[in-house]
Amino acid sequence: MMPEPAPTLQQLLAFYLEAGVDCALADEPINRLEGVDPVPAPAAPRPVAALNPLRPPPAMPAVPRSEIVAAPDAAIASAREAARTAPTLEALRALMETFDGCALRHTATKLVFADGNPQARVMFVGEAPGRDEDIEGLPFVGRSGKLLDRMIAAIGLDRSKAYIANVIPWRPPGNRTPTPQETQICLPFIQRQIELVNPDVLVTLGNPSTQALLGTREGIMRTRGKWLDYDTGTRSIRAIATFHPAYLLRSPSYKKMSWLDLRAIAKALVQVSA
C-alpha cells in the first residue's frame with residue numbers, strides 16, 4: 001500500500017485558512033513537523049530541603065503580560081465600573097484601550113470601537129470584528145461590511161447617518177466564537193456606548209448580539225422583525241433584530257426577509273421624526 005504524499009506548502013496554507021487560522025500569535029514561527037526529541041529519563045528525586053523560616057521563598061518566574069487576565073467576576077465588575085465612569089464616547093474609548101480584563105485585547109491587533117456618526121438616530125450592533133476589521137480598526141469593513149453598506153443605502157442611509165459597533169470590540173483569534181465570559185466582560189462597554197449615542201432605533205445584527213443586548217433566548221428566525229424595548233436606564237429605545245450580513249452572504253435566500261426588516265426600520269425613523 002503506497003503512503004499518501006506529504007502535502008505541499010500551498011495545500012497546508014489552504015487548509016489552515018479554511019480552518020480559520022489566518023494569523024500568527026507567536027513572535028517566531030515553529031516548525032511542528034520536525035522530529036521530536038526523545039523524552040529524557042526521569043532524574044533521581046532530590047531530597048527536599050527544609051524551609052528556613054528566616055529566608056524568603058524563591059521568587060516565582062515572571063508571567064508574560066498577555067497571560068495576566070483577571071478572574072471573570074472581577075473583570076466583569078471592573079468593566080462595569082470603568083464603563084459607568086466614562087462621560088463621553090472619547091473617554092469610553094480611552095478606557096477600553098487600556099482595559100486589561102479581557103484576554104482578547106492581547107491577541108487582537110487593534111481595538112475596533114465604532115464607525116459612523118455618533119449623533120445618528122439609528123445604531124447597528126454586530127457581534128465581533130473579523131480579520132479586515134482587526135487590521136483597519138473599524139467595524140464592518142470586509143465583505144459583510146460592504147453588504148451592510150448596500151443594505152442601509154437601500155433605505156437612504158450611509159455611514160454618515162448611522163452609528164456602527166460590535167458587542168465584542170476585539171477580534172477573537174481565528175474568528176472563533178467569543179466565549180460567554182468574554183461577552184459578559186465586554187457587555188458593559190457596548191451598553192454604555194448605546195447609552196452615550198442615545199439613538200432612536202437600535203438594530204442588532206445576528207443572534208449573538210440580539211441575545212446579549214435584548215435578553216432573548218429564541219433564535220434569530222423567531223426574533224427578527226419584531227419590535228422590542230431596550231432600556232438604557234434613562235430611557236427606552238425601540239429595538240429590532242435582523243440577520244447579520246455575514247449570514248446573508250452564506251444564505252442569500254433570506255435577503256427578502258432582511259429587506260422587510262430594513263423597511264420597518266425606515267418607517268420607524270420617519271415616525272420618530274414626525
Exercise. Give the intermediate values and the outcome of side chain to side chain contact (heavy atoms under 4.5 Å, CB included) for residues F99 and I185.
Key: CA-CA 11 Å; F99 182 71; I185 291 171; 3.7 Å; yes

Self-check item: Verdict with reasoning, S253 to S251, per side chain to side chain donor-acceptor pair (under 3.5 Å)
Solution: CA-CA 5 Å; S253 61; S251 306; 5.8 Å; no

Practice problem: Report the C-alpha separation of F243 and K255 in whole Å, then their side-chain angles, then the decisive distance to 0.1 Å, and conclude whether the side chain to side chain contact (heavy atoms under 4.5 Å, CB included) test is met. | Solution: CA-CA 8 Å; F243 298 110; K255 287 183 178 180; over 6 Å; no

Quiz item: Do L205 and Y247 pass the side chain to side chain contact (heavy atoms under 4.5 Å, CB included) test, and can you show the C-alpha distance, the side-chain angles, and the key distance before you say yes or no?
Solution: CA-CA 10 Å; L205 301 170; Y247 180 77; over 6 Å; no

Exercise. Apply side chain to side chain contact (heavy atoms under 4.5 Å, CB included) to the pair V203 and V201, showing each step before the final yes or no.
Key: CA-CA 7 Å; V203 183; V201 175; 4.0 Å; yes

Quiz item: Which is it for R84 and E81 under the salt bridge (Lys or Arg N to Asp or Glu O under 4.0 Å) test, yes or no, and what are the steps along the way?
Solution: CA-CA 5 Å; R84 185 184 64 81; E81 179 62 21; 2.7 Å; yes

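Two residues are said to be in side-chain contact when any heavy atoms from C-beta on lie closer than 4.5 Å; L104 and I168 meet this criterion. The shortest distance between side-chain heavy atoms of S236 and Y230 does not fall below 4.5 Å. Between L269 and R121, some side-chain heavy-atom pair lies under the 4.5 Å cut-off. For the pair Y163 and P199, the minimum side-chain heavy-atom distance is 4.5 Å or more. Side-chain contact between P72 and Q184: absent, with no pair of heavy atoms (C-beta onward) separated by less than 4.5 Å. Under the 4.5 Å side-chain criterion, counting only non-hydrogen atoms from C-beta, I194 is in contact with I190. Counting heavy atoms from C-beta outward, C186 and W170 have side chains that approach closer than 4.5 Å. The shortest distance between side-chain heavy atoms of D149 and R159 falls below 4.5 Å.
When atom types are taken as modelled, the side chain of D134 and the backbone of T109 share a donor-acceptor pair closer than 3.5 angstrom. Of the possible polar contacts, none joining the S78 side chain to the A74 backbone as a donor-acceptor pair under 3.5 Å is found. Of the possible polar contacts, one joining the Q193 side chain to the F113 backbone as a donor-acceptor pair under 3.5 Å is found. In this structure, the side chain of D158 engages the main chain of K161 through a donor-acceptor pair within 3.5 Å. Distance alone, capped at 3.5 Å, places no donor-acceptor pair between the D261 side chain and the T242 backbone.
Between E136 and R131 there is no salt bridge, since no side-chain nitrogen of the basic residue lies less than 4.0 Å from a carboxylate oxygen of the acidic one. Using a cutoff of 4.0 Å between basic side-chain nitrogens and carboxylate oxygens, D100 and R105 are scored as salt-bridged.
Note: L187 CG to I76 CD1 = 9.0 Å, rounded to the nearest 0.5 Å. Distance check: I220 CD1 to M257 CE gives 9.5 Å after rounding to the nearest 0.5 Å. Rounded to the nearest 0.5 Å, atoms CG (L213) and OG1 (T204) are 7.0 Å apart. L147 contributes atom CG, which lies 10.5 Å from atom CD1 of I152 (distance to the nearest 0.5 angstrom). The CG atom of D132 sits 7.0 Å away from the NZ atom of K146 when rounded to the nearest 0.5 Å. Atom-to-atom distance recorded for L262:CG and K267:NZ is 15.0 Å, nearest 0.5 angstrom.
Shown here for S209 and G126, the closest heavy-atom pair between the two residues is CB-O, 3.4 Å. Heavy atoms only, all atoms of each residue included: P188 and R80 are closest at CG-CG, 3.5 Å. Closest non-hydrogen pair, R171 versus A108, comes out as N-CB, 3.9 Å. Counting all heavy atoms, side chain and backbone alike, E133 lies closest to G142 at OE2-N, 3.3 Å. Nearest heavy atom pair, residue M123 against residue V125, reads CE-CG2, 4.0 Å. Here the closest non-hydrogen pair linking A86 and R192 is O-NH2, 2.7 Å.
Linking Ile, Leu, Val, Met, Phe, Trp and Tyr residues whenever their side-chain heavy atoms come within less than 4.5 Å leaves I135 and L148 in two separate clusters. No single ILVMFWY cluster, assembled from side-chain heavy atoms under 4.5 Å apart, contains both V167 and L95. Neither L248 nor L260 shares a network with the other; the hydrophobic side chains, linked directly or stepwise wherever heavy atoms of I, L, V, M, F, W or Y lie under 4.5 Å apart, form separate groups for each. By the rule that hydrophobic residues join a cluster once side-chain heavy atoms approach within less than 4.5 Å of another member, V112 and I164 end up as members of separate clusters.
Every residue two or more places apart in sequence or in another chain was checked for a salt bridge (Lys or Arg N to Asp or Glu O under 4.0 Å) with R222, and none qualifies. Residues meeting the side chain to side chain donor-acceptor pair (under 3.5 Å) test with D73, sequence neighbours left out: none.
Judged by the 6.0 Å distance and 45° axis criteria, R238 is positioned over the aromatic ring of W227.
Residue L138 belongs to a hydrophobic cluster whose other members are V141, with links defined by side-chain heavy atoms closer than 4.5 Å.
More than 12 heavy atoms of other shown residues, nucleotides or ligands fall within 6.0 angstrom of atom CD in E195.
The ring pair (Phe, Tyr, Trp, His ring centres under 6.0 Å) with H244 is formed by just one residue from the set F140, F124, Y254; it is F140.
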